[in-house]
> 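Dumping the structure here so I can ask a few things about it.
What you see below is based on every heavy atom in this structure, not just the backbone, and it leaves out hydrogens, waters and symmetry mates. Bear in mind that the values here come from a model prediction, so they are computed numbers and not experimental data.
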Number of protein chains: 2
Amino acid sequence: MIEFEHLFQFVAFGMYGTLSKTAEILHVSQPTLTRNMKLLEKEFGVILFARSKNHIALNENGLLAIKEARKILSEIEVMTDKVRQLDRSRHTLSLGSCAPYPVMDFVRLATELYPSQSLTTELRSTEPLLQGLRDGRYNVIILPFKPTDSALIALPFGKESLYFNLPKGHPQEKSSSLSFSDLDGTAMIVYSHIGFWKDLIKETMPHSRFLLQDQRDDFFELEKASSLPSFITDRVLSEEPLKNRTAVPIVDQSAQIEYSLVMTKKMGQRYPLFTKWLKQK
Amino acid sequence: MIEFEHLFQFVAFGMYGTLSKTAEILHVSQPTLTRNMKLLEKEFGVILFARSKNHIALNENGLLAIKEARKILSEIEVMTDKVRQLDRSRHTLSLGSCAPYPVMDFVRLATELYPSQSLTTELRSTEPLLQGLRDGRYNVIILPFKPTDSALIALPFGKESLYFNLPKGHPQEKSSSLSFSDLDGTAMIVYSHIGFWKDLIKETMPHSRFLLQDQRDDFFELEKASSLPSFITDRVLSEEPLKNRTAVPIVDQSAQIEYSLVMTKKMGQRYPLFTKWLKQK
DNA sequence: TCAGTTTACGGCCCACGTAAAAATC
DNA sequence: GATTTTTACGTGGGCCGTAAACTGA
């Protein structure tokens, strides 16, 4: 029976041309290679080399064999990669979320319920999330609404409400509440990585310009220095104090988000604890 | 590095379901399989089995791995087959001939000049011979004429002349020579495996019916018993005496054959001794 | 109790490396 | 003499099988 080791050494010989060079590079002794190449010939049942007393080279058979052996070796690579990748995916819980705060909740929950699983998370808008759930890219997604598709499992996953975050001296600073339309048309500063919120405000405030800031720290600097209004949510407010700004709630219904943890029924079976835990709560 | 042996045992386990059954069939001990399957998991870097204390089965990874392993094993089969086939072709001299007698000459010559080569011979008519020479099916062919294609090497390879072989009491028995036309229209008995001769007589004696006989012995019996004329050539006449018949030479030019040994220039290089030997003769 | 898997252990084989020979440049 | 392949040979690791423990049906 053919030994992969021998095939590997054979292919290496094909690259380096002499047994001694090959032996050196593979960290085995020369005689070992001599022996193994002879064994390989036995395994093939065919002479693969043209030998003279102190020279050895591939013959016609050897040339074909080495071409084929290369194929086999690369296919073995492919095989192991596939299996390893499957294994990884089996141990990885892949979350797609529409917003950053539910991700944190989910991470906390998942590490508690499935501590042996790895976790990957991505922030996407709702369309690619649903698509990704269907094609297996995500095991679980978090949406800012309850999907109607009855083939999916949807569990309530917390609420979040949007506020205007107004700088000192802003005309509406003292308002107890505002509507999107009240500030529609005003330029605002916005942190980029807020998931579906960006889609929401673009839709509800079509006349405003949004100055997007990619870098988290830069955004906070800007928020401190600028006199432009920004956004904030109750989730943020509950965790850290406001710096030099006033948060005014937005009354519109669309600013009151109820998140859903969504997965396929198949995933519901694979990860039953989510359903169990979220229902008893 | 993955061991071919382990893959093989793994696939076998996939067929037989239990390690003990597999061990029995592969003629190794159970513990050996336990060990080797664990080694295989190490080689993959992935758990392939779902184990309980006295039961073992493939897990999801294992199912994929076994599918892929099967592929690899069959590709190794393909690889070795290819190489072996190439090797065989390298040691085989394949002759296509238009007639049986030159084959004997060629066999004598080839075994003398290239004693280590295997030899395969086929009898075909000229068209498939030329086609087969081009596509590599034959290394060498023998034609009843000298081909015009200058890309081919053609060497004189002996002569053979056709005779009528007339039964006792046949009207033309005493003729010193005849032409095809003299007997055209007569029914004749013909041995099937005479290569291009069959084409020749059908063409030159379009009005005759030829009773073909497949079996060599049956043909000779028939020739002895029948009163129908048959054919014979000088090559046969020189080797064995006539039985109860008279051979009358056919004067037509087309009955005087000069054979050519034909090969491509490439084959001329691979088998230089044919050219050398036939030219010096 | 039986069938199956795993662990423990001892012996043997063989595959490796060292050393040296042979050959070619 | 330098380089390369091959042969010879002794040794150690590892691989196998036997025996036994463990488990669940």
> Would you say that more than 12 heavy atoms from the other residues, nucleotides or ligands in this model lie under 6.0 Å from the CZ of B:Phe8, or not?
no
> Which residue pairs pass the salt bridge (charged side-chain N to carboxylate O under 4.0 Å, His left out) test when at least one of the two sits in residues 258-268 of chain B, sequence neighbours left out?
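Listed by first then second residue: B:Lys159-B:Glu258.
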> Would you check if A:Asn36 and A:Phe13 make a side-chain contact, meaning some heavy-atom pair closer than 4.5 Å?
no
> List the residues meeting side chain to side chain donor-acceptor pair (under 3.5 Å) with B:Thr111, not counting sequence neighbours, and say none if there are none.
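Per chain and number, B:Thr111 pairs via side chain to side chain donor-acceptor pair (under 3.5 Å) with no residue.
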> Return the orientation label for the A:Tyr259 and A:Phe196 ring planes: parallel under 30°, perpendicular over 60°, tilted otherwise.
perpendicular
> B:Arg51 CZ to D:dT23 P: how many Å, rounded?
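Going from B:Arg51 (CZ) to D:dT23 (P), I get 17 Å.
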> Answer yes or no: are there more than 12 heavy-atom neighbours, outside A:Arg216 itself, under 6.0 Å from its atom CZ?
no
> Less than 4.5 Å apart, side chain to side chain, heavy atoms only: is that true for B:Met15 and B:Arg70?
yes
> Looking at B:Arg88, I'd like to know if its CZ atom is crowded, meaning that more than 12 non-hydrogen atoms belonging to other residues, nucleotides or ligands lie closer than 6.0 Å.
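Result for CZ/B:Arg88: open.
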> Are OP1 or OP2 of D:dT5 and a side-chain N or O of A:Thr34 less than 4.0 angstrom apart?
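For A:Thr34, the contact criterion (side-chain N or O under 4.0 Å from OP1 or OP2 of D:dT5) is not met.
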> Could you tell me how far apart B:Leu33 (CG) and D:dC15 (P) are, to the nearest whole angstrom?
14 Å
> Given side-chain hydrogen bond (donor to acceptor under 3.5 Å, both in side chains), test B:Gln117 with B:Tyr271 step by step and report yes or no.
CA-CA 11 Å; B:Gln117 297 276 313; B:Tyr271 297 108; 3.1 Å; yes
> Which parts of residues 11-21 of chain A get close to DNA chain D, meaning a heavy atom less than 4.0 angstrom away?
A:Thr18, A:Leu19, A:Ser20
> Can you give one letter per nucleotide of nucleotides 10-25 of chain C, 5' to 3': B if a protein heavy atom sits under 4.0 Å from the base, S if only from the sugar-phosphate, - if neither?
------BBBB---BB-
> To the nearest 10°, let me know how far the axis at one end of the helix from C:dT1-D:dA25 to C:dC25-D:dG1 is tilted from the axis at the other, five pairs an end.
20°
> Quick one: B:Ile56 CD1 to D:dT23 C1', roughly how many Å, whole number?
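After rounding, the reported distance stands at 14 Å.
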> Just jot down the salt bridge (Lys or Arg N to Asp or Glu O under 4.0 Å) partners of A:Glu68, sequence neighbours excluded, or say none.
A:Lys71, B:Lys82
> Would you say C:dT7 has OP1 or OP2 under 4.0 Å from some side-chain N or O of B:Lys38?
yes
> B:Thr92 and B:Asn139: which non-hydrogen atoms are nearest, and at how many Å?
O-OD1, 3.3 Å
> Distance check needed: C:dG4 C1' versus B:His55 NE2, whole Å only.
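It works out to 9 Å between those atoms.
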